[in-house]
Asks: 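Just passing along the structure, written as structure tokens.
Letters A, B, ... mirror the listed sequences (proteins, then strands); counts begin at 1. Quick note: numbers below take in every heavy atom, side chains included, and nothing from hydrogens, waters or symmetry partners. Everything quoted here is computed from the prediction, not taken from an experiment.
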Number of protein chains: 2
Amino acid sequence: MKYNDYISVDCVIFGFDFENLNVLVVERTLRDENGVEEFSDLTLTGNHIYEDETINDAANRVLFDLTGLTGIYLEQFKTFAHPDRLKKENDRKWLLHDGRNPDKRIVSIGHFALLSKRDVTLQWKGRNVKWVPYHEIGELAFDHNEILEKAVVALREKVKHEPIGFELLPEKFTLTQLQRVYEIILGTEFDKRNFRKKVSRMKYLIPLDEKQTGVAHKPARLYMFSRDVYEKTKKELIDFWV
Amino acid sequence: MKYNDYISVDCVIFGFDFENLNVLVVERTLRDENGVEEFSDLTLTGNHIYEDETINDAANRVLFDLTGLTGIYLEQFKTFAHPDRLKKENDRKWLLHDGRNPDKRIVSIGHFALLSKRDVTLQWKGRNVKWVPYHEIGELAFDHNEILEKAVVALREKVKHEPIGFELLPEKFTLTQLQRVYEIILGTEFDKRNFRKKVSRMKYLIPLDEKQTGVAHKPARLYMFSRDVYEKTKKELIDFWV
DNA sequence: CCAAAAGTGTTTAGTATACACCCATGT
DNA sequence: ACATGGGTGTATACTAAACACTTTTGG
């Protein structure tokens, strides 16, 4: 199957581990003909699309290749096509080495994906893939720092208005875990009692007859998110006013 | 200057006239070598980008060419790149006639723009450009119906959470006009007294010492939006709960 | 003087915020 | 027994929703 050489998808894959928002990155190491390392840095995950593939399929393919998972929460959030986005010195070298034309303008369609780090074992497939906490990410290849920042902004906006925090947790989760998701994404803290009062009004958050086990404290009740109930009960909110 | 032949921007230009949400469309008429019309339909406004141009600049250029205006509210909302998006019979004919390759996959980066219809006199430049009320738009060329629908969805979401309704009104507007903007975009009705109570809490909505003139009823006070005040007073809202 | 839209207040229900203690489990 | 996080209620302030009449202008 033939790749399209000017359309790519990049995926900012967020993985939550109850402590940090982590980002999945790939090591990129360029070696000269003698195998001596010229440089090594990190990129976001992405790929070109096949000629007859939709961008949504391509993004899901990238996710599947790295995680082996399907049905992951995935959202297209912004497209990047600045004329100079691949023109840093190392990026040109990398593309040339890879047999690609560094002067070809490539559109990257940015996506973000949400998953629970606990649900995934990474598929290495020859490339070194790893989780890095968002706040510890340094300089990335290409324009990937910009893509990451825009992804985080999009995630913050989305999480404020739609119930997607659950996507970063395992299927069954505790209310404290849910609260941490929101606190970490939004960079705030909530009062436990008020938070629980709020969520108790969300019918789509289903309490289970099941508790945590193996924790050195009172075990917490587990909850599930029901998209069905959400779709049936959601109201339109209007809050454009400050 | 050379166009890039695989990256285009499409702009869904919304123009409000106090009654309808209108969309700016362009007539596309294909004639054979004898000048006989083969078909005629409508497209959204858009263009290819120049090789050294950012997508934001390209979208603003499209807006400027049609309206003569700069500084219009403009937002990139979604990118369209389905392999079959240009492959309807009429679209292939049109592209061929235009000397373009209908099999080349073209990415379209979708934007929407907001303006007051009253502020603009259209620049024709040989092509027939016109306003059509959103609800009266029929079948459009290419995948432009899909782009339009997605633009409307994006507009509705955005308008619920950020103060952009003003962008569809002239600089000075009445509260009733503002109410109509929201009612028409969201397809609901608001109580006049409650609406005014809400907006009176928005510090960034500045009452002027000026009234409507020439209306056959009690003239309404005019208001302005202040982005300055908005940026200084906005709070973070969290409403992911139903 | 008539038509048309502007402008204004109160009541009730619901939501937001602030705040402190006892409980169940593993070690 | 102690350390750890789980789980709960009340009072006050603010916001939402429902609802009807008088005012000002042009024609």
Asks: How close or far is atom P of dA5(C) from atom CD of Glu189(B), stated in whole angstroms?
Replies: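 Whole-Å distance recorded here is 14 Å.
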
Asks: Could you tell me the separation between the CZ atom of Arg193(A) and the P atom of dC22(C), rounded to a whole number of Å?
Replies: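 After rounding, the reported distance stands at 13 Å.
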
Asks: Can you say whether the rings of Phe225(B) and Phe166(B) are parallel (under 30°), tilted (30 to 60°) or perpendicular (over 60°)?
Replies: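 Rings of Phe225(B) and Phe166(B): parallel, under 30°.
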
Asks: Just compare dA18(D), dA18(C), dA4(C) and give me whichever is closest to any side-chain atom of His217(B).
Replies: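 Taking heavy atoms from C-beta onward, the closest nucleotide is dA4(C).
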
Asks: How about Glu37(B): does its CD atom have over 12 heavy atoms from other parts shown lying under 6.0 Å from it?
Replies: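 Yes - once you tally the heavy atoms of other residues, nucleotides and ligands closer than 6.0 Å, there are more than 12.
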
Asks: What nucleotide among dA24(C), dA18(D), dG7(C) has an atom nearest to a side-chain atom of Asn194(B)?
Replies: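 Of the candidates, dA18(D) comes closest.
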
Asks: Classify the side chain of Lys197(A) versus the base of dT8(D) as yes if they form a donor-acceptor pair under 3.5 Å and no if they do not.
Replies: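 Side chain to base: no pair below 3.5 Å.
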
Asks: With a cut-off of 6.0 Å (strictly less than), are more than 12 heavy atoms of other residues, nucleotides or ligands near CD of Glu183(B)?
Replies: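 Enclosed.
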
Asks: Classify Arg196(A) by what it touches in the nucleic acid, base, sugar-phosphate, or nothing, heavy-atom distance under 4.0 Å.
Replies: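 The residue Arg196(A) makes base contact.
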
Asks: To the nearest Å, how far apart are Phe195(B) CZ and dG7(C) P?
Replies: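 Result: 13 Å.
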
Asks: Rounded to whole angstrom units, what separation is found between the NZ atom of Lys198(B) and the P atom of dA18(D)?
Replies: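 The distance from NZ of Lys198(B) to P of dA18(D) comes to 11 Å, rounded to the nearest Å.
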
Asks: Using atom CE of Met202(B) as one end and atom P of dA16(D) as the other, report the distance to the nearest whole Å.
Replies: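 These atoms are roughly 9 Å apart.
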
Asks: Please report, rounded to the nearest Å, how far the P atom of dT4(D) is from the CD atom of Gln212(A).
Replies: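 Between P of dT4(D) and CD of Gln212(A): 16 Å.
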
Asks: Do you know which of Lys150(A), Arg85(A), His82(A) makes side chain to side chain donor-acceptor pair (under 3.5 Å) with Asp143(A)?
Replies: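 Passing option: Arg85(A).
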
Asks: Take the angle between the ring planes of Phe112(A) and Tyr73(A) and call it parallel below 30°, perpendicular above 60°, tilted in between.
Replies: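 Phe112(A) and Tyr73(A): tilted rings.
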
Asks: Tell me the interatomic distance from Leu178(A), atom CG, to dG6(D), atom C1', rounded to whole angstroms.
Replies: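 Between C1' of dG6(D) and CG of Leu178(A): 15 Å.
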
Asks: What's the closest nucleotide to the Lys218(A) side chain, out of dT10(C), dA16(D), dG7(D)?
Replies: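 Of dT10(C), dA16(D), dG7(D), dG7(D) is nearest to the side chain of Lys218(A).
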
Asks: Could you give the CZ-to-P distance, from Arg201(A) to dT15(D), as a whole number of Å?
Replies: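 Rounding to the nearest Å, CZ of Arg201(A) and P of dT15(D) are 15 Å apart.
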
Asks: Could you note down all residue pairs passing side chain to side chain donor-acceptor pair (under 3.5 Å) where residues 128-142 of chain B supplies at least one of them, sequence neighbours left out?
Replies: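 Applying side chain to side chain donor-acceptor pair (under 3.5 Å) to every pair that reaches into residues 128-142 of chain B, excluding sequence neighbours, yields Glu27(B)-Asn128(B), Tyr134(B)-Glu149(B).
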
Asks: For DNA chain D, produce a single dot-bracket line, 5' to 3'. Pairs: Watson-Crick or G-U wobble, both distances under 3.5 Å. Symbols: ( ) within strand, [ ] crossing, | other strand, . unpaired.
Replies: |||||||||||||||||||||||||||

Asks: Here's a test of your reading of the structure: between Val215(A) and Lys192(A), which maps to the more 5' nucleotide of DNA chain C?
Replies: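 First, find each residue's nearest nucleotide; the 5'-ward one identifies Lys192(A).
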
Asks: Any side-chain heavy atom of Tyr223(B) sitting closer than 4.5 Å to one from Leu208(B)?
Replies: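 Side-chain contact under 4.5 Å: no.
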
Asks: Report the residue (Ala220(A) or Asp191(A)) whose heavy-atom-nearest nucleotide on DNA chain D is the more 5′ of the two.
Replies: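 This one resolves to Ala220(A).
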
Asks: Output yes when at least one side-chain N/O atom of Thr176(B) is less than 4.0 Å from OP1 or OP2 of dA5(C), else no.
Replies: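 Thr176(B) to dA5(C) OP1/OP2: no side-chain N or O under 4.0 Å.
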
